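Down below is the structure, laid out as structure tokens.
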There are 2 protein chains.
Amino acid sequence: MTDRALSPRAQRLRDAGHKLTNARLAVLDALETGGGHMTSTEILNRVNARDASIGRASVFRALDLFTRLSIIRPTYIDSSMTPAYVMLPDGHHHHIICTNCNRVIEFEDCGLNRLAAELERRLNVQLTGHLLEFYGLCDRCAS
Amino acid sequence: MTDRALSPRAQRLRDAGHKLTNARLAVLDALETGGGHMTSTEILNRVNARDASIGRASVFRALDLFTRLSIIRPTYIDSSMTPAYVMLPDGHHHHIICTNCNRVIEFEDCGLNRLAAELERRLNVQLTGHLLEFYGLCDRCAS
DNA sequence: ATTCCCGGTGAGACATTGTATCAATTAGAC
DNA sequence: GTCTAATTGATACAATGTCTCACCGGGAAT
């Protein structure tokens, strides 16, 4: 199963020295096919629908790992109980969260590459991704 | 207790039509004196140290309220179990999270005002704040 | 100052979600 | 195929957020 075409993210996992296990690939697939924002419970359900033998713990471990690799990022959307995980397709993601109805509006083109480069130079860090969130009222709620 | 000098944030609460109760003021004080990033547990401890009669639920309710008012914002730093709440002093906050050691490095001046104004116009939204997070390795971990 | 009302509160049982432990398994290098 | 360290699954457990409901009190009106 090593030479089958790997998704770019799976490749990224391997390149970082991690094994491509069933559990990890299932979580990755759940994330990729599940739409933009998923809670851990939604991910668990989706993973177990595909392979019921995969354990709870492994799913959470995979989510932690992916977060460290900047493949996903947990963010608070409506409940403070559990985060929603968003994909960072090219290392970044941007959205607006309505503080009234919790609707999420995504947008592109944050123009932060320049800032990222400057921070890397000035602070001597190695940045792999970012998340930009705006808060406020969406068009429907702004009446 | 109405005419005592109110912190700008307390004023904001009242202006939005919410009561300035003991519980809310205690949570606000905990946040303001507690440093940048606090988990709910740290906030609870701090609030109860000041006034043991304040209940769990009210603290969480206050945190939800402040989030809706863009006074604070929950973000996941090391655990995905509980968020850390960051203040949005002028409606915004920016930091870098090290994906290896979870250190948080704050920085100023994101230059996002222009983008915010453009989004408001284009999408017909009313933005009250934003949070910008970069992920990567801090200077110590980048070796 | 007093009254009234409705938003807000506290207690605590409860539900949900994440983590620790550990023996068993497996990916991937050789 | 063999080996080994990384990873897993099961489960018990810990931590965290929410719900309900009777009661309270902030603050506007009077």
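These numbers come from a predicted model, not from an experiment. The chains referred to below are lettered A, B, ... by the order of the sequence lines, with proteins before strands, and numbering in each begins at 1. In what follows, every heavy atom counts, from backbone to side chain, and hydrogens, waters and symmetry copies are set aside.
- A:R24 comes within 4.0 angstrom of sugar-phosphate atoms only, judged by non-hydrogen atoms across all strands, and of no base.
- Of the two residues near DNA chain D, B:K19 and B:P83, the one whose nearest nucleotide lies more 5' is B:P83.
- Within the structure, a side-chain polar atom (N or O) of A:H18 is placed less than 4.0 Å from OP1 or OP2 of D:dT7.
- Residue A:S40 places at least one side-chain N or O closer than 4.0 Å to OP1 or OP2 of C:dG18.
- Counting only heavy atoms from C-beta on, A:M81 has its side chain closest to C:dA15 among D:dG27, C:dT9, C:dA15.
- Distances shorter than 4.0 Å separate none of the side-chain N or O atoms of B:T21 from OP1 or OP2 on D:dG25.
- Rounded to whole angstrom, the span from the CG atom of A:N48 across to the C1' atom of D:dG9 amounts to 11 Å.
- Nearest-nucleotide positions on DNA chain C for B:A52 and B:S80 put B:A52 closer to the 5' end.
- Without hydrogens or angle criteria, B:R61 side chain to B:R56 main chain gives no donor-acceptor distance under 3.5 Å.
- If you check the side chains of A:R73 and A:Y85, you find no donor sitting under 3.5 Å from an acceptor.
- Taking atom CG of A:L25 as the reference point, atom C1' of C:dG28 lies 14 Å away to the nearest angstrom.
- Note: the hydrophobic cluster containing A:I96 does not contain A:I77 (ILVMFWY, side chain heavy atoms under 4.5 Å, direct or indirect links).
- Relative to the side chain of A:T82, the nucleotides D:dG9, C:dG28, C:dT17 differ in distance, and C:dT17 lies closest.
- Rounded to whole Å, atom C1' of C:dT21 lies 17 Å from atom CZ of A:F60.
- Listed for the A:T33 side chain is a donor-acceptor partner under 3.5 Å among the backbone atoms of A:D29.
- Rounded to a whole Å, the CD atom of A:E42 is 14 Å from the C1' atom of C:dT16.
- You'll find that the side chain of B:D64 is closest to D:dT18, out of D:dT16, D:dT11, D:dT18.
- If you check every strand for non-hydrogen atoms under 4.0 Å, B:P74 touches nothing.
- The 5' end of DNA chain D is approached more closely, in terms of each residue's nearest nucleotide, by A:A23 than by the other of B:T39 and A:A23.
- Between B:S58 and C:dG10 there is a side-chain N or O to OP1 or OP2 distance below 4.0 Å.
- If you check D:dG17, C:dT9, C:dA11 against the side chain of B:A57, the one that comes closest is C:dA11.
- Distance CD1 (B:I54) to C1' (D:dG25): 14 Å, rounded to an integer number of Å.
- The interatomic distance linking A:L63 (CG) with D:dT8 (C1') rounds to 15 Å, in whole Å.
- Checked by distance alone, A:R56 brings a side-chain donor or acceptor within 3.5 Å of a matching partner on the base of C:dG18.
- Note that CE of A:M81 and CZ of B:F60 are 9.0 Å apart. Values are rounded to the nearest 0.5 Å.
- Taking the six-membered ring for Trp and thresholds of 30 and 60 degrees, A:H37 and A:H95 have ring planes inclined between 30 and 60 degrees apart.
- B:L20 has its CG atom 22 Å from the P atom of D:dC24, to the nearest Å.
- Summarising the geometry, the separation between CG on B:L44 and C1' on C:dA11 is reported as 14 Å, rounded to the nearest angstrom.
- The phosphate of D:dG9 has neither OP1 nor OP2 within less than 4.0 Å of any side-chain N or O from A:R61.
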